[in-house]
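Counting from 1, the numbers follow the sequence of the chain as shown. Every number for a ligand or one of its atoms is a count from 1 in the order of the listing.
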Amino acid sequence: MNVLTFDIEEWYLEKALKGDRKERYAQFDAYLDEILNLLDKTGMKATFFCVGKMAVHFPEVIRLISERGHEIGCHSDVHTWLNKMTRHEAMEDTHIAVDSLEQCIGKKVLSYRAPAFSIGENNKWAFEILSEFGIKRDASIYPASRDFGGFPNFGSKEPTIVSYGGISIKEFPICTTSLFGKEFAYSGGGYFRFFPLWFVKREMKKAPYSMCYFHIGDLLPETNGLMSRKAYEDYFKENGSLLNRYKRYFKSNFGKKNAWDKLQKLIVSVDFQNLDEVDSQIDWSKCRKISLD
Ligand SMILES: [Zn+2]
């Protein structure tokens with residue numbers, strides 16, 4: 001089974017942080033349109049994890065996706081990483097985000113993805129928060145090491161029932177593959193842009209489960225500039241040395257020229273489903289169960 005997901009935040013980040021440029025909104029709308037048309041053509045449904053503030057400032061974008069039959073999931077409220085928030089802040093963020101999205105589409109929101117896969121060993125309490133606000137499915141775990149976290153000891157690369165603090169939640173982790181003795185994601189974000197399409201498809205075919213994830217920003221052909229030290233430190237909350245900023249520059253720009261073309265080829269050649277569909281087809285009694293207590 002192959003899960004297709006998109007994380008939707010660009011419109012809000014443009015408004016809040018990047019200068020509110022009209023031409024950018026038109027560009028995001030155009031890419032979203034192309035994605036929705038392509039999914040209609042192939043008859044496939046995806047899960048779109050949206051930040052709560054999109055439902056407040058750009059409700060027409062969220063409704064458009066929902067009305068075309070796709071699942072709306074939650075991607076936090078303002079795209080602050082969960083591991084940069086206190087438990088109390090994360091609770092407020094999740095509460096506001098889920099409420100805003102549900103009011104916007106008139107449906108329950110059941111799926112969640114933390115920005116930058118920011119649930120790990122140090123903030124496992126996030127699962128309790130998600131459960132408290134009605135989330136049944138999470139797709140925030142990167143089960144290997146990565147910049148800014150990951151959860152290398154998670155112990156599963158497939159759909160898993162996670163229990164923690166008396167609650168349980170269905171986890172759909174990012175899938176990884178072993179290369180030179182290290183685990184890497186390959187089916188989304190910068191990893192998808194980095195690896196050739198034949199490699200991504202081969203790895204997906206080998207695995208019983210894959211999780212693809214994209215931001216519209218991953219697909220735009222133009223490159224992002226080098227961030228200023230202040231902007232980097234404000235956003236990532238770590239040292240904005242030239243080396244760190246160049247690493248980020250490389251990661252956010254590599255392979256951008258072909259990314260959209262590559263994604264279209266992937267979508268027309270692989271059978272994808274959204275989380276809602278996959279959830280209903282899994283025999284959960286036979287799945288792995290992991291206790292994080
Ligand atoms: Zn995101």
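For the pair Asn153 (side chain) and Glu121 (backbone), a donor-acceptor distance under 3.5 Å is absent.
Under the rule for a ring-ring contact (aromatic ring centres under 6.0 Å, His included), Tyr164 has no partner lying at least two apart in sequence or in another chain.
Each of Thr5, Thr47, Ile65 was checked for a side-chain contact (heavy atoms from CB on, under 4.5 Å) with Glu71, and the lone residue meeting it is Thr47. Partner Tyr25 forms a ring-ring contact (aromatic ring centres under 6.0 Å, His included) with one of Tyr12, Tyr31, Phe58, Trp11 and no other, that one being Phe58.
Counting only protein N, O or S atoms closer than 2.8 Å to the Zn ion (ligand 1) gives 4.
Taking each heavy atom of Ala185 and Phe195 in turn, the nearest pair found is O-CE1, 3.4 Å.
At a threshold of 4.0 Å, the pair Glu203-Lys206 counts as salt-bridged, since one of the basic side-chain nitrogens sits closer than that to a carboxylate oxygen.
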